[in-house]
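Scroll down for the structure; my scribbles are underneath it.
Both counts, for ligands and for their atoms, begin at 1 and track the order of listing.
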Amino acid sequence: MIVHEQEPYNAEPPRAALAEHLITPVDVFYGRNHGTMPEIDPQAWRLRIGGLVEHALEFSLPELQQQFTPVEVTATLQCAGNRRAGLMAFRDIPGQHPWGAGATSTARWRGARLSDVLAACGLGRQVTDVAFDAPDVAPEADPPQPFGASISVDKATAPEVLLAWEMNGEPLPTAHGAPVRVVVPGYIGARSVKWVGRIAAQDHPSENFFQQGAYRVLPADTDTARTHPGDGVALGPVALNSEILTPDDGDEVPAGPTHVAGYAFAGDDRTVVRVDVTTDGGATWVQADLDAQPTPWTWRFWRARVYVPPGRVEITARAWDSTAAVQPEHPATVWNPKGYINNSWPSVTVTATPTAAGAHGSYPR
Ligand SMILES: Nc1nc2c(c(=O)[nH]1)N[C@H]1C(S)=C(S)[C@@H](COP(=O)(O)O)O[C@H]1N2
Ligand SMILES: [Mo]
């Protein structure tokens with residue numbers, strides 16, 4: 001793992017490890033933490049649900065597991081800071097980790113549908129948002145406070161949103177939120193609250209720092225010394241994005257035909273419909289083959305065979321989604337003070353070494 005910070009633990013897998021599996025093994029699944037991981041006694045843990053509900057309810061883990069039909073959803077989590085390094089290369093972002101291509105991973109999550117649990121409590125008619133609170137205290141929050149988030153009631157009652165206690169067929173590990181985490185497929189990772197202890201039905205979004213003061217996109221010219229809670233655009237559904245996983249940046253490859261592969265992902269109700277790759281700065285593009293998507297909530301792996309001339313070559317990709325949106329070309333378009341949602345065209349630079357075939361003057365396409 002590439003460790004950005006040991007405490008709190010923040011780490012991402014290298015490109016090669018991510019490329020190996022459509023469903024990411026737990027030991028290479030990225031980890032994103034804002035505070036020290038809490039140690040929760042599963043026996044003592046309770047999930048409390050309250051706010052604008054007919055009956056406030058409380059569940060132990062066995063109660064949650066017995067009273068609701070468990071479902072499995074394969075879903076990609078993607079941190080809003082994924083690919084921030086690309087923004088920082090354009091203009092620095094002090095105080096934030098330079099995440100590469102790997103602040104995203106995919107798992108099979110199993111648990112109760114949040115909608116079933118909310119229905120058991122009886123949602124009030126005024127409810128617009130559902131808020132989640134965890135016990136881990138984040139020193140970076142202003143003021144320091146436990147992690148929290150909220151999502152709209154429409155998303156909270158959608159069938160894909162889970163209170164998960166299993167990941168890839170095993171009990172959820174502590175690092176990923178044991179005993180129970182929220183999984184909000186198609187939304188930025190920050191809404192999938194780990195170690196969830198309390199859920200509140202509300203007529204307003206969460207007041208938590210990570211809903212009101214972070215995970216919001218501010219315009220590039222914002223005076224960050226003068227921002228207020230609620231400024232900027234709150235992040236929810238994941239924007240269309242992609243990365244190149246093979247070859248890795250800096251790899252040496254034989255000149256000639258080269259296999260390029262990566263992931264592409266579009267959140268919520270959008271799907272990736274096309275990926276293109278260029279090795280000549282965008283003059284010509286090769287359309288990639290798209291792998292099947294196990295569920296609408298996962299990334300798509302793609303692969304292409306491109307021609308790489310000898311020398312240093314930049315390989316660039318771009319993805320398209322089902323609304324015909326294409327990724328923006330340059331980080332300058334999307335740069336923002338906190339460095340969220342870098343969905344500009346990904347590229348890697350490789351050195352292509354001449355081969356015997358090429359020594360005779362031409363490289364096979
Ligand atoms: N309680 C709690 N939940 C949290 C976080 C956190 O710091 N504390 N980080 C969030 C962020 S920003 C992301 S991207 C995902 C990361 O989940 P993972 O560590 O299982 O990959 O968890 C989210 N849930
Ligand atoms: Mo995140």
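The side-chain tip of Arg83 does not point at the ring of Trp99 from less than 6.0 angstrom away and within 45° of straight on.
Look at Asp276 and Arg274 and you find a salt bridge, because one of the NZ, NE, NH1 or NH2 atoms lies within 4.0 Å of a carboxylate O, short of that distance. The existence of a salt bridge linking Arg300 and Asp291 is excluded, since no basic side-chain nitrogen approaches an acidic carboxylate oxygen closer than 4.0 Å.
When ring centroids are compared, Phe147 and Phe210 come within the 6.0 Å threshold.
Glu160 is listed as a side-chain neighbour of Lys155, based on a closest heavy-atom distance under 4.5 Å.
Under 3.5 Å, the side chains of Thr104 and Gln78 contain a donor-acceptor pair of N or O atoms.
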Give every pair formed by an N or O atom of ligand 1 and a protein N or O atom closer than 3.5 Å, one pair per line with both atom names and the distance to 0.1 Å, or write none.
unit_1, atom_1, unit_2, atom_2, d
ligand 1, 1 (N), Asp136, OD1, 2.8
ligand 1, 1 (N), Asp136, OD2, 3.4
ligand 1, 1 (N), Lys194, O, 3.1
ligand 1, 3 (N), Lys194, N, 2.9
ligand 1, 7 (O), His34, N, 2.9
ligand 1, 8 (N), Asp136, OD2, 2.7
ligand 1, 9 (N), Arg32, O, 3.3
ligand 1, 17 (O), Arg181, NH2, 3.1
ligand 1, 19 (O), Arg32, N, 3.0
ligand 1, 19 (O), Lys194, NZ, 2.5
ligand 1, 20 (O), His176, ND1, 2.6
ligand 1, 20 (O), Arg181, NH1, 2.8
ligand 1, 21 (O), Tyr30, O, 2.6
ligand 1, 22 (O), Arg181, NH2, 3.3
ligand 1, 24 (N), Ser192, O, 3.0

